[in-house]
There are 2 protein chains.
Amino acid sequence: MSDARSEVSVEGACDTLERLYENPDEKLAELLEYRPDDERVEAPYQVFRALANEDRLRLLEALSHGELCGCELMVILDAPQSTVATHLRKLREAALVKRRKKGKWNYYRIADTAVMELLDLAGAIHEE
Amino acid sequence: MSDARSEVSVEGACDTLERLYENPDEKLAELLEYRPDDERVEAPYQVFRALANEDRLRLLEALSHGELCGCELMVILDAPQSTVATHLRKLREAALVKRRKKGKWNYYRIADTAVMELLDLAGAIHEE
DNA sequence: CGCTCATATCGCGTTGTTACGATTTAAAAG
DNA sequence: CTTTTAAATCGTAACAACGCGATATGAGCG
């Protein structure tokens, strides 16, 4: 994806840099160091993707009160079973919740205290 | 949206609760308290939505090194101007970055230290 | 085994997001 | 006032996420 880009897009932007700085090559090298490695971005991306949905945030808020089973979460979300199951799968894939199987039931819980810290931090940012 | 749901979906789930608990009405009331208010969910949702994109995470990582102008960010992302501008608008709407206008140029910076804390926390969660 | 019930997964129509060229706006500079 | 040039916005085609009914899986029970 970025291979296709790099041939065209950078050119125009580099013209700008040539005018802005006296030694554009050096500056360009500095800027490219600011671009993070793909791996650096991958992990938080998976987490934020899972968090970018109102119903999944509701599930996490509900689970912050303690462990709950799938059918209880259906009631809380007021959504059909397949919908809730899919949300829970995504939360699990992002390592935000853990599942405990007990007989016919599945019990879900928040995987780590960092998860609720994340929600609180995000809530605080958008309040100002 | 949840109005259309509540007529049908909850019924099946309530059957389950009736079997699970001896006083289902009481339990149901308790569960419904676990469902967070819409406002509680709205703010973090807006933030996570803005963070759920690899290029926007790259922009934030780049800006963690300090203030940068739009054309520098074009070079770093290696993406066309309109694409970068759209990403920056979304980050700004979510209050994650701030803009300083100086003549023809716009300089962007991280709005709050909480933003990078958020990225670091999210990165840590998915590592385990 | 066959039945029931909690979950998981599949299929697919709908909705939301992204990328990016083209166009517009706005601030210098000539 | 016209020309540059950085940035914003618009239009739209491609893509990804979502909702949810239908179907499958799998654990307990009779």
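By convention in this document, chain letters (A, B, ...) are assigned in the order of the sequence lines, proteins followed by strands, and residues within each chain are numbered from 1. Not measured: the values here are computed from a predicted model.
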Q. Can you check the B:Leu68 CG to D:dA7 P distance for me, whole Å?
A. 11 Å

**Q.** Value in whole Å for how far the C1' atom of C:dA19 lies from CD of B:Glu54
**A.** 14 Å

Q: With sequence neighbours excluded, tell me which residues meet side-chain contact (heavy atoms from CB on, under 4.5 Å) with A:Lys104.
A: none

Q: Taking salt bridge (charged side-chain N to carboxylate O under 4.0 Å, His left out) as the test, write out the residues that go with A:Arg40, two or more places apart.
A: B:Glu61, B:Asp120

Q: Specify the separation, in whole Å, of atom CH2 of A:Trp105 and atom C1' of D:dC29.
A: 11 Å

**Q.** Exceeds 12 heavy-atom contacts within 6.0 angstrom, atom CD of B:Glu42
**A.** yes

Identify each atom pair where a protein N or O and an N or O of nucleotides 13-17 of chain D are less than 3.5 Å apart, giving names and distance.
unit_1 : atom_1 : unit_2  : atom_2 : d
D:dA17 : OP1    : A:Arg49 : NH1    : 2.7

Q) In whole angstroms, how far is the C1' atom of D:dG19 from the CG atom of A:Leu59? A) 14 Å

Q: Run through A:Val97, A:Leu68, A:Leu59 and flag the one making a side chain to side chain contact (heavy atoms under 4.5 Å, CB included) with A:Tyr108.
A: A:Val97

Q | Set of salt bridge (charged side-chain N to carboxylate O under 4.0 Å, His left out) partners for A:Glu30, sequence neighbours left out | A | A:Lys27

Q: Verify the contact: side-chain N or O of A:His87 to OP1 or OP2 of D:dC18, cut-off strictly under 4.0 Å; return yes or no.
A: no

Q: Take the protein atom CG of A:Asp55 and the nucleotide atom P of D:dC20, then report the distance between them rounded to whole Å.
A: 9 Å

Which pairs, protein N/O on one side and nucleotides 8-12 of chain D N/O on the other, fall under 3.5 Å?
unit_1 : atom_1 : unit_2   : atom_2 : d
D:dA8  : OP1    : B:Arg99  : NH1    : 2.5
D:dA8  : OP1    : B:Asn106 : ND2    : 2.9
D:dA8  : OP1    : B:Tyr108 : OH     : 3.1
D:dA8  : OP2    : B:Tyr108 : OH     : 3.3
D:dA8  : N7     : B:Gln81  : NE2    : 2.7
D:dA8  : N6     : B:Gln81  : OE1    : 2.8

Q | side-chain contact (heavy atoms from CB on, under 4.5 Å) partners of A:Arg89, counting only residues at least two apart | A | A:Thr86, A:Glu93

Q: Determine the minimum heavy-atom distance between B:Ala52 and A:Phe48, stating which atoms define it.
A: CB-O, 3.8 Å

**Q.** Side chain of B:Lys104 - closest among D:dA27, D:dT5, C:dC20
**A.** D:dT5

Q: Give a yes or no on whether the backbone of B:Cys69 and the side-chain of B:Glu72 come within a donor-acceptor separation of less than 3.5 Å.
A: yes

Q. Rounded to whole angstroms, how far apart are CD on B:Glu93 and C1' on C:dT18?
A. 15 Å

Q.
Looking at A:Arg58 and B:Asp37, is any side-chain nitrogen of the basic one under 4.0 Å from a carboxylate oxygen of the acidic one?
A. no

Q: Could you state the atom-to-atom distance from CG of B:Asp78 to P of C:dA19 in whole Å?
A: 13 Å

Q.
Output the rounded distance in Å from CZ (B:Arg58) to C1' (C:dT18).
A. 14 Å

